[in-house]
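Accompanying notes for the structure given below.
Throughout, a chain's letter reflects where its sequence line sits, starting with A, and its residues are numbered from 1.
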Amino acid sequence: MSLLSTVTFYVSLLLIGHAGFSSFEFHQLAKKINISDPQLPRDIKYESYLGLILFIISAFLAFTKLTYLPLRYDNQSTKQVLSQGQYLKETPFNKATNVDNMIGNDANGEVNFMTSFIDISAKRAQFKKSLSN
Amino acid sequence: MNNFEKQVKSQSNIIENKKRYVTLLDKIILINGIVSGILQLESMSGFLSFIAVYLISSFLFVAFICKFRVSKYLENSIGDLIFEHIVREFLGYVMAWTFSYALIN
């Protein structure tokens with residue numbers, strides 16, 4: 001949630017809360033002086049409409065672009081957080097797998113990482129290397 | 001278009017996109033219900049307020065979030081945007097509306 005959306009959110013809540021309290025007081029007063037069909041004052045109406053509009057704006061401003069952390073860290077890449085600059089995920093399958101490729105997620109990992117498919121010698125060599133470092 | 005020419009779509013991404021859309025609508029419609037209660041709207045005017053805000057929110061979602069390319073992010077544009085969640089949102093709206101109406105009056 002960006003700062004702008006947070007500010008608009010709290011301002012809208014304040015406006016709606018104030019309009020609610022004003023409306024409540026107005027109706028209590030109307031009951032006391034026996035007004036049969038009280039018409040809400042214009043300022044309360046405008047305040048509640050403005051509150052609703054600001055809330056809708058804040059809800060849309062709160063939408064952030066999707067970001068991903070790469071699973072395989074590459075020393076050469078300077079970007080730690082990756083993004084496609086989109087608010088939603090693409091649904092066509094050829095595009096949906098782009099994110100997996102970007103962050104280094106193996107879409108077929110359920111099969112590829114089964115013990116029978118892992119190159120044990122390579123893994124042991126990698127482990128030895130990591131120990132020596 | 002036969003079944004072989006249809007584009008395969010990622011169901012998990014469709015579900016996630018719908019979830020974000022529903023969360024947005026839930027927030028807006030509940031506040032709309034509270035505002036309707038504050039304004040002491042009754043009968044048809046309350047329902048019209050719901051329909052207006054619901055349609056405006058859907059349009060803003062299509063315009064600003066989907067950038068007018070709904071088929072890229074959802075499976076069935078009109079159905080997913082309007083008809084799938086209308087009952088859920090309407091019940092939430094009526095709850096917030098009657099609650100704030102009773103509190104104020």
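For a residue to count as touching a neighbouring chain, one of its non-hydrogen atoms must lie under 4.5 Å from one of that chain's; by this rule A:Ile16 touches chain B with backbone and side chain alike. In this structure, chain B has no heavy atom under 4.5 Å from any part of A:Glu25. For B:Thr23, no part lies under 4.5 angstrom from a heavy atom of chain A. Within the 4.5 angstrom heavy-atom criterion, only side-chain atoms of A:Leu66, from C-beta onward, approach chain B. Using a 4.5 Å cut-off between heavy atoms, B:Leu24 contacts chain A through its side chain alone, with no backbone atom that close. Heavy atoms closer than 4.5 Å to chain B are found nowhere in A:Lys65, neither backbone nor side chain.
Counting heavy-atom pairs closer than 4.5 Å to chain A, the top residue among B:Ile56, B:Val8, B:Asn13, B:Ile14 is B:Asn13. For chain A, the option among B:Glu75, B:Lys67, B:Glu16 with the highest count of heavy-atom pairs below 4.5 Å is B:Glu16.
Atoms NZ and CZ, from B:Lys27 and A:Phe9 in turn, are 8.0 Å apart once rounded to the nearest 0.5 Å. Atoms OH and SG, from A:Tyr87 and B:Cys66 in turn, are 11.5 Å apart once rounded to the nearest 0.5 Å. Atoms NE2 and CD1, from A:His27 and B:Ile104 in turn, are 8.0 Å apart once rounded to the nearest 0.5 Å. For the atom pair OG of A:Ser58 and CD1 of B:Ile31, the computed distance is 8.5 Å after rounding to the nearest 0.5 Å.
Atom CZ of A:Phe24 sits in a sparse spot, with 12 or fewer heavy atoms from other residues, nucleotides or ligands closer than 6.0 Å.
Of the residues listed (B:Asn105, B:Ile38, B:Leu103), the one engaging A:Ser23 in a side chain to side chain contact (heavy atoms under 4.5 Å, CB included) is B:Ile38, and it is the only one.
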Give the C-alpha distance, both sets of side-chain angles, the deciding distance and a yes or no for side-chain contact (heavy atoms from CB on, under 4.5 Å) between A:Gln86 and B:Lys72. CA-CA 11 Å; A:Gln86 290 172 334; B:Lys72 199 175 166 188; 3.6 Å; yes
For B:Ile28 and A:Phe60, what are the C-alpha separation, side-chain angles and deciding distance, and is it a side-chain contact (heavy atoms from CB on, under 4.5 Å)? CA-CA 10 Å; B:Ile28 292 173; A:Phe60 276 95; 4.0 Å; yes
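One hydrophobic cluster, built from ILVMFWY side chains closer than 4.5 Å, cannot hold both B:Leu48 and B:Val35; they sit in different ones. B:Phe83 and B:Val94 fall within the same hydrophobic cluster, defined by Ile, Leu, Val, Met, Phe, Trp and Tyr side-chain heavy atoms under 4.5 Å apart, directly or through other members. In this structure, B:Val62 is not a member of the same hydrophobic cluster as B:Val22, with clusters built from ILVMFWY side-chain heavy atoms closer than 4.5 Å. B:Met95 is not connected to B:Leu41 by any chain of hydrophobic side-chain contacts under 4.5 Å among Ile, Leu, Val, Met, Phe, Trp and Tyr, and they are in different clusters. Under a hydrophobic clustering in which Ile, Leu, Val, Met, Phe, Trp and Tyr are joined whenever their side-chain heavy atoms come within less than 4.5 Å, directly or via other members, B:Phe99 and B:Phe50 fall into different clusters.
A donor-acceptor pair under 3.5 Å is absent between the side-chain atoms of B:Asn17 and the main chain of A:Leu88, judged by distance alone.
Between A:Phe63 and B:Phe61, the shortest heavy-atom distance links the atoms CZ-CE1, 4.0 Å. Nearest heavy-atom pair, A:Tyr49 versus B:Leu39, reported as atom, atom and distance to 0.1 Å: CE2-CD1, 3.5 Å. When all heavy atoms of B:Tyr73 and A:Lys89 are compared, the closest pair comes out as CD2-O, 3.4 Å.
Of all residues in residues 91-101 of chain A, those placing a non-hydrogen atom less than 4.5 angstrom from a non-hydrogen atom of chain B are A:Thr91, A:Pro92, A:Phe93, A:Asn94, A:Ala96.
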